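Everything on this sheet refers to the single structure shown next.
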Amino acid sequence: MTRVADAGARGTGDGSGALRRIAPPARRFLARRTGVLARLALWSLAETGQAFLVGYGVARAVDRGFLAGDVRRGLLWLAIALVAVLFGAPVIRGVFTQLAGLTEPLRDGLVRRQVDRSLARAMLGGSGGTDRAAVSRLTNQVEIARDSFAGLVLTLRSFVFTAAGALLGLLSLHPALLVVVLPPLSGGLVLFLVTLRPMAAAQRRALAADEALGDHAARSRAALRDLTACGTGPEAARRGAELVDEAAAAARVLAGWAAVRTAALGVAGHLPVLALLLAVPWLRGRGVTAGALLGAFTYLVQSLLPALHTLMTALGAAGARLLVVLDRIIGPEPEPEPELGPELGPEPEPELGPEPKLGPEPKPEPGPGPELELELEPKPEPKPEPKLGPAGVEAAEAAGVAGPAGVTGATGRHHARPKPAYRPARFATAGTAVRAAPAPDRATAGATDVGARSPVHGGRPASGGPTAAVELRSVTLSYGARAEPVLDSLDLCVAPGERLAVVGPSGIGKSTLTRLIAGTLAPSGGEVRVAGREVTGRAPAELAALRVLVPQEAYVFSGTVGDNLAYLRPEADRADLDAAVGALGLRPLVERLGGLDAPARPAELSPGERQLLALARAYLAPASLLLLDEATCHLDPASEARAEEALARRPGTLLVVAHRLSSAVRADRVLVLDGTEAVCGTHGEVLERSPLYRDLTGHWNDGPAREP
Ligand SMILES: Nc1ncnc2c1ncn2[C@@H]1O[C@H](COP(=O)(O)OP(=O)(O)OP(=O)(O)O)[C@@H](O)[C@H]1O
């Protein structure tokens, strides 16, 4: 219970401090609005007259009317009291009209102040640069301040002017009435005033606890992958539980003081009535008439008690809230919350992980390993996918860490990529979203670059042939029961060791295809096999052993550079890491960061640097299939070429969602995804056969990043 408790303590001892801080600007604010205040006082004076007349009318109606046998006079005085009550409606209207002249400028001023402060803080950047509580202050707390201020002005003003009218009335009826009424009234008021300061402190503590809890929840959500990667989940959960306890404790303290305040209200509100009843003989002895007694009761029950009740409620709740909220907005800057756990070290901001490609929420990405994306929004899936909630994340993480165990074909060192044993080059689709190229073309697709191709039928390797690295059999994927399929009856066969580039316009389904192959998305129909094994429904650990998917926004977690590189292959030694660093051209970056043992602070890395680290991590991964979903988009063409070549040299198969033409040219084959047509073949072949590919290459060539 560290920081929040401190904040609460600060608040407890700081109630008068807050008042001192708030008082000067409050005085200036009011001094600039003397006209509004004067008009408000004028309307309120009418309330004094009203309060006076209500009790006085009743007293006179009884004494001079009904008890004196003059019913007409009695009714007349009652009518006067009634008119005074009815007169209250236009008075309230007038008061509210003037009130806006105070509350709206206050709200505008607070909003301006908060925006200025948040912008200034954001511009500072770095540690504490983001003010996560700003939204709460800007919306919720500013509205609380406005409402509380309005309530306070209304009730304070009403109490003062009503009490003045009622006390004046009591005095005019008989001074002895004041002797009986004033002591319990003022006693209750004093008791109430005594509760104000601790109540404000409790309010402040409750608000601080609420903010800290919200902030912690937001940070934990953003840093979920860091927490998982660094194993600090339990620590974050423990801190969350502490904050919940703190919020509950603060609410209990607040409730305790609310009970004391209710007692004060009982003393001030009901004791005077009791005292008046008990003192009736004494008062009668001093010449207080029956009408005056009735008038006194009317003052108490009709005017004083309601005004007192609303005053206490408003001062106790709205007043304390106003003080606390104003101090948070215009007082000293709140201290930043501590980071989520010691393991996250000095990193200023927990890394948020890969950003979404589409919209503000991250798209779910593959299960295990640092490329893991969290399932943040429900999405229609054709078949149940392994959930990536906390439990799933742990499982996926375990898979990423333990992935190398049992991986076939993984060797300690990377050798030159062996030539594929065959190049089936089969791609055939049928259907609407992605259709097969015409049959004669399909028969030759990919055949031109390989002389002796294993016999394939419909894009499938013939039985007895080598197992394909990737095989899609009539795969269909729709993101909803009635949605148009993104991929429709797609057949695809990628040979072991082959390099395939996937190209197509934005939104055509390239990422969808990689996710299907990665096994993080289940097809609506058909079958996806990697290394001969169906991937759908496979456990994250098994998937991790089969493939690595690197998304566009690479994920680097808070840890050392070496930890990041070896994440998918924990047993990698220095030589392995050095080899990866050299192969990917990472040396200058690693040196700048301070070596393999230096901390990698995600927030201090550019997107391209993060991609390089993620690519080196993938390079070291034991899985033989590498899926790059625009994973080099933040690299310059030379770095991209170097990285791709290095990844292609490692033993295994490479599927690249191409970001530049050069990626496609370097690939053994190119798969062009198109809404109505899909073509697969060598660069030259698809250039000839696919108008879309010709368009794309034209666009790439004419684009700002001109390709060789
Ligand atoms: N989780 C999802 N839920 C619903 N629709 C989705 C989802 N993910 C992708 N889509 C839709 O599926 C289609 C294909 O998306 P996908 O991301 O695979 O395209 P892409 O070719 O990779 O695009 P880009 O190059 O812009 O990344 C798009 O229309 C997209 O809006």
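We count ligands from 1, going down the list as the structure has it; atoms in each ligand are counted the same way. Only a predicted model underlies this, so the values are computations on that prediction, with no experimental measurement involved.
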Which atom names give the shortest non-hydrogen contact between Ala664 and Val670, and what distance separates them? O-CG2, 3.5 Å
Is the shortest side-chain N to carboxylate O distance from Glu609 to Arg592 below 4.0 Å? yes
Does [X] have a heavy atom less than 4.0 Å from any atom of ligand 1?
X: Gly507; value: yes
X: Gln552; value: no
X: Pro505; value: yes

Need the ligand 1 atom indices (1-based, order shown) with element for anything under 4.0 Å from a heavy-atom of [X].
X: Ile508; answer: 19 (O), 20 (P), 21 (O)
X: Glu630; answer: 25 (O)
X: Val486; answer: 12 (O), 13 (C), 14 (C)
X: Ser511; answer: 17 (O), 18 (O), 20 (P), 22 (O), 27 (O)
X: Thr512; answer: 14 (C), 15 (O), 16 (P), 18 (O)

Within-4.5 Å side-chain heavy-atom neighbours: Val528 and Glu534: no
Is the shortest side-chain heavy-atom distance between Pro602 and Ser558 below 4.5 Å? yes
Is it the case that the side chain of Gln611 and the backbone of Ala631 share a donor-acceptor pair, with hydrogens and angles ignored and the cut-off at 3.5 Å? yes
Give yes if a backbone or side-chain nitrogen or oxygen of Lys510 is under 3.5 Å from a nitrogen or oxygen of ligand 1, and no if not. yes
